Student: 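Below is the structure I would like to discuss, written out as structure tokens.
Positions are given from 1 along the sequence. Computed over heavy atoms, backbone and side chain alike; hydrogens, waters and symmetry mates excluded. All values reported here derive from a predicted model rather than from experimental measurement.
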Amino acid sequence: MKNILLFVMSLASVLPLAAKPHGDAVGRELFRLDSLIAQKPSLEAMKEQRIDRLRQQRKRHMTAEQEFMLNELFHKEFSIYDADSAFRYINRNIVLADSMGWGERKISYKIKKSHVLAATGLLKEASDEVRGLGGQTMSKELSVEYYGQMVYLYSHFGQYMGEGASNRAKYHALETLYKDSVCAVIWPEHPDYLWHQGNRLCGTGQTGELMKELKKEVDASGLDENRDAMNAYILARMYREKGDMENYQKYIIRSAQADVYICNRDIASLEEFSKVLFDMGDIDRAYTYANYCLQTGRAFHNRIRVSGILNVLDEIHKAYQERNRIQQARLCKSLVSVSILSAVLLAAFFYIHRQVKRLDRSKRELNAANSQLGEQVARLSEAHRLLKEANDALQKLNEELHDANDQLRESNYVKEEYIGHVFALCSAYIGKLDDFRKLANRKLKANQADELRRLTETSVVKEEMKEFYHNFDVLFLHVYPNFVNDFNGLLRPEERVTLKEGELLNTDLRIYALVRLGINDSVKIAEFLHCSPQTVYNNRLKMRGRAIIPKEEFANRVKQLGKMQG
């Protein structure tokens with residue numbers, strides 16, 4: 001076992017150096033980015049088709065305004081895709097604006113030309129192009145464009161000088177100055193407002209509220225415009241300053257996704273991310289992204305970016321060489337280990353073969369013992385089955401006995417309650433009859449026959465029945481206090497019985513109270529309630545029609561209602 005473990009460890013040691021794993025969210029974004037990079041030819045083909053359609057719009061006879069607007073569309077397509085073509089249409093619009101006396105348009109295109117010059121690394125030429133423009137009167141829109149370009153220009157000057165250069169502080173100060181200037185003139189509705197505000201606040205620790213707005217903007221975007229790439233990039237920088245590397249990776253990747261989708265060949269986000277991946281140890285993906293940036297940078301003729309990417313690729317190449325050296329050393333060790341292990345395995349093979357034969361003989365003996373044991377288990381299972389059937393039958397008898405006891409206990413309880421109450425009622429009615437006898441006797445002795453006749457003509461039955469029903473209701477609800485609620489539970493909600501104020505039971509409830517007591521005959525119920533059997537039958541039929549259960553089950557369910565008061 002020790003030799004086998006050594007072999008596994010040796011094989012693991014020759015595997016490529018593992019990169020740090022990415023979280024699920026970052027992994028999904030990387031998958032989408034890799035898919036977009038794989039689609040680079042088709043994305044560029046679509047862009048070329050858009051450019052071809054613009055070329056087809058060029059007419060032999062066009063007004064200056066029409067040509068200017070068409071050149072502007074060409075500039076929008078080429079400004080991040082092909083610097084040489086972008087210069088062609090920028091210069092043409094500068095000439096047109098100069099000849100037509102369009103002052104602000106000429107300034108705007110000189111600023112655009114400076115931007116493309118800076119993007120390709122021609123920083124002196126870019127600076128010369130905008131020299132003197134700051135002193136001219138400009139609209140707010142043009143001021144935003146001018147100050148934004150000055151920020152871009154001096155940022156590139158600082159990058160070109162590199163860390164530790166004596167002039168870097170000067171360019172950084174100018175960049176900061178123009179950041180403040182553009183933020184002073186830009187307004188919240190401007191498309192680049194969040195980008196400029198974020199660019200100014202980065203590094204100040206005051207990005208909290210702006211980060212929320214940027215995140216909302218980026219998350220809602222289609223990542224299909226240059227502005228989406230810029231906003232995602234500045235948001236990623238803010239997360240990095242806060243030390244939130246997961247969200248930094250997520251949004252720098254989204255910026256790169258937008259850049260790849262729009263075929264931006266001046267792609268800063270992917271170049272920066274390739275360096276981060278290299279530092280994290282993900283050398284293969286870092287090389288893929290850096291190589292993509294090198295290809296696009298060369299196609300755009302961006303000298304500064306190509307130079308920076310070549311430095312990154314050189315570091316990656318060195319890392320590859322070091323990794324290969326380590327892998328080769330480990331492979332040599334592993335080959336020696338494998339050779340030794342092969343000899344051990346050969347000896348182990350013969351040993352195991354002999355043990356297998358012994359094991360096979362033991363298995364046959366064990367199978368025979370298992371067969372005997374299986375027969376005994378089968379017999380035991382049959383005995384258990386018979387015992388279970390007997391237990392089930394006994395349990396069923398116990399349940400039936402328990403139900404019978406409950407019914408007997410309930411019947412005895414009801415009899416005790418009702419017998420005592422009936423004796424009390426009988427005694428009360430005997431007393432009332434004796435009182436009436438005495439009253440009649442007094443009236444006869446006093447020769448008050450007419451008054452006695454009037455007393456006998458007055459019906460006392462109605463009042464006595466009312467009192468009788470009240471006593472019945474009180475006694476029944478004493479025995480079954482939940483009867484009304486349980487009975488309503490058998491009816492549809494809209495059909496439930498609602499008692500009037502002061503009522504304990506009504507006629508419908510008294511009919512089924514008697515059913516609950518075991519009196520199911522409608523004739524007997526009618527005699528008890530002093531009404532016709534047809535009335536009782538009709539009321540019972542109508543009540544069954546209001547039930548939520550089958551009609552034929554209603555009476556039996558009523559007989560089970562009401563938990564007896566203990």
Side-chain angles (χ1 to χ4, degrees), residues 402-432 458-566:
H402 184 268
D403 291 341
N405 286 337
D406 286 344
Q407 292 174 6
L408 183 60
R409 183 171 61 87
E410 181 178 342
S411 177
N412 290 337
Y413 178 79
V414 172
K415 287 177 182 177
E416 290 173 3
E417 289 288 329
Y418 274 92
I419 288 171
H421 194 69
V422 166
F423 284 161
L425 281 176
C426 288
S427 176
Y429 281 124
I430 291 170
K432 287 181 180 181
T458 301
S459 176
V460 295
V461 174
K462 186 176 181 181
E463 290 300 320
E464 291 299 329
M465 287 302 298
K466 184 176 180 182
E467 182 180 353
F468 173 75
Y469 288 150
H470 176 75
N471 289 332
F472 172 79
D473 295 349
V474 170
L475 180 59
F476 181 80
L477 292 177
H478 173 69
V479 178
Y480 301 106
N482 298 320
F483 178 78
V484 176
N485 288 337
D486 293 345
F487 185 80
N488 275 330
L490 299 178
L491 305 180
R492 295 191 298 274
E494 68 275 11
E495 298 289 353
R496 289 176 179 170
V497 177
T498 303
L499 294 171
K500 298 178 182 178
E501 184 176 357
E503 277 189 334
L504 298 178
L505 298 174
N506 59 18
T507 301
D508 288 335
L509 290 174
R510 289 191 191 101
I511 289 172
Y512 281 97
L514 292 170
V515 171
R516 177 66 182 88
L517 292 173
I519 305 172
N520 200 45
D521 188 347
S522 295
V523 175
K524 292 181 179 180
I525 294 174
E527 292 175 354
F528 182 85
L529 297 178
H530 289 263
C531 59
S532 69
Q534 186 63 39
T535 300
V536 173
Y537 176 79
N538 291 340
N539 284 359
R540 293 182 69 176
L541 183 64
K542 180 177 65 174
M543 190 61 69
R544 287 199 300 271
R546 294 160 63 181
I548 60 175
I549 60 175
K551 297 178 181 179
E552 57 273 11
E553 298 179 11
F554 189 72
N556 289 332
R557 289 291 296 274
V558 170
K559 292 177 182 179
Q560 300 170 8
L561 291 182
K563 183 179 179 183
M564 187 178 65
Q565 179 72 23

Student: Quick check on Y537: does its OH atom have over 12 non-hydrogen neighbours (other residues, nucleotides or ligands) under 6.0 Å away?
Tutor: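 12 or below, so no.
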Student: Just so I know, are the side chains of F487 and M543 near enough to count as touching, which here means a heavy-atom distance under 4.5 Å?
Tutor: yes
Student: Applying side-chain hydrogen bond (donor to acceptor under 3.5 Å, both in side chains), run through Q534 and N538 and close with a yes or a no.
Tutor: CA-CA 6 Å; Q534 186 63 39; N538 291 340; 2.9 Å; yes
Student: Can you tell me how the ring of F554 sits relative to the ring of Y512, calling it parallel under 30°, perpendicular over 60° and tilted otherwise?
Tutor: perpendicular
Student: Within a radius of less than 6.0 Å around CD of E501, do more than 12 heavy atoms belonging to other residues, nucleotides or ligands occur?
Tutor: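 No - once you tally the heavy atoms of other residues, nucleotides and ligands closer than 6.0 Å, there are 12 at most.
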Student: Nearest 0.5 Å, what's the CD1-CG distance between I519 and L514?
Tutor: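 Those atoms lie 5.0 Å apart.
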Student: Hey, what's the ring geometry for F476 with Y480, parallel, tilted or perpendicular (30° and 60° as the breaks)?
Tutor: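 Answer is tilted, since the angle falls between 30° and 60°.
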Student: To the nearest 0.5 Å, tell me how far T498 OG1 sits from N488 CG.
Tutor: 7.0 Å
Student: To the nearest 0.5 Å, tell me how far Q560 CD sits from D486 CG.
Tutor: 11.5 Å
Student: Taking Y469 for the side chain and L529 for the main chain, is one N or O donor matched with an acceptor at less than 3.5 Å?
Tutor: yes
Student: Report yes or no: does E495 contribute a side-chain atom to a donor-acceptor pair with the main-chain N or O of R492 at less than 3.5 Å?
Tutor: no
Student: Taking the side chain as C-beta and beyond, is there a heavy-atom pair between L561 and R557 under 4.5 Å?
Tutor: no
Student: For residues L505 and A513, report the shortest heavy-atom separation together with the two atoms involved.
Tutor: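 Smallest interatomic distance, heavy atoms only, reads CD1-CB, 4.4 Å.
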Student: Just so I know, are the side chains of R540 and I525 near enough to count as touching, which here means a heavy-atom distance under 4.5 Å?
Tutor: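 Yes, close enough: below the 4.5 Å cut-off.
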Student: Backbone N or O of D508 within a donor-acceptor pair of the N539 side chain at under 3.5 Å?
Tutor: no
Student: So do the side chains of V484 and V497 get within less than 4.5 Å of each other, counting heavy atoms only?
Tutor: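 The answer is no, as the side chains (C-beta and beyond) never meet within the 4.5 Å cut-off.
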Student: Check whether any side-chain heavy atom of R516 sits under 4.5 Å from a side-chain heavy atom of V479, and report yes or no.
Tutor: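 With C-beta onward as the side chain, the pair stays apart.
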Student: With rounding to the nearest 0.5 Å, note down the distance linking CG in N506 to CD1 in I511.
Tutor: 9.0 Å
Student: For the side chain of R546 and the backbone of L491, is there at least one donor-acceptor N/O pair under 3.5 Å apart?
Tutor: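 No, because the side chain of R546 does not come within donor-acceptor range (under 3.5 Å) of the backbone of L491.
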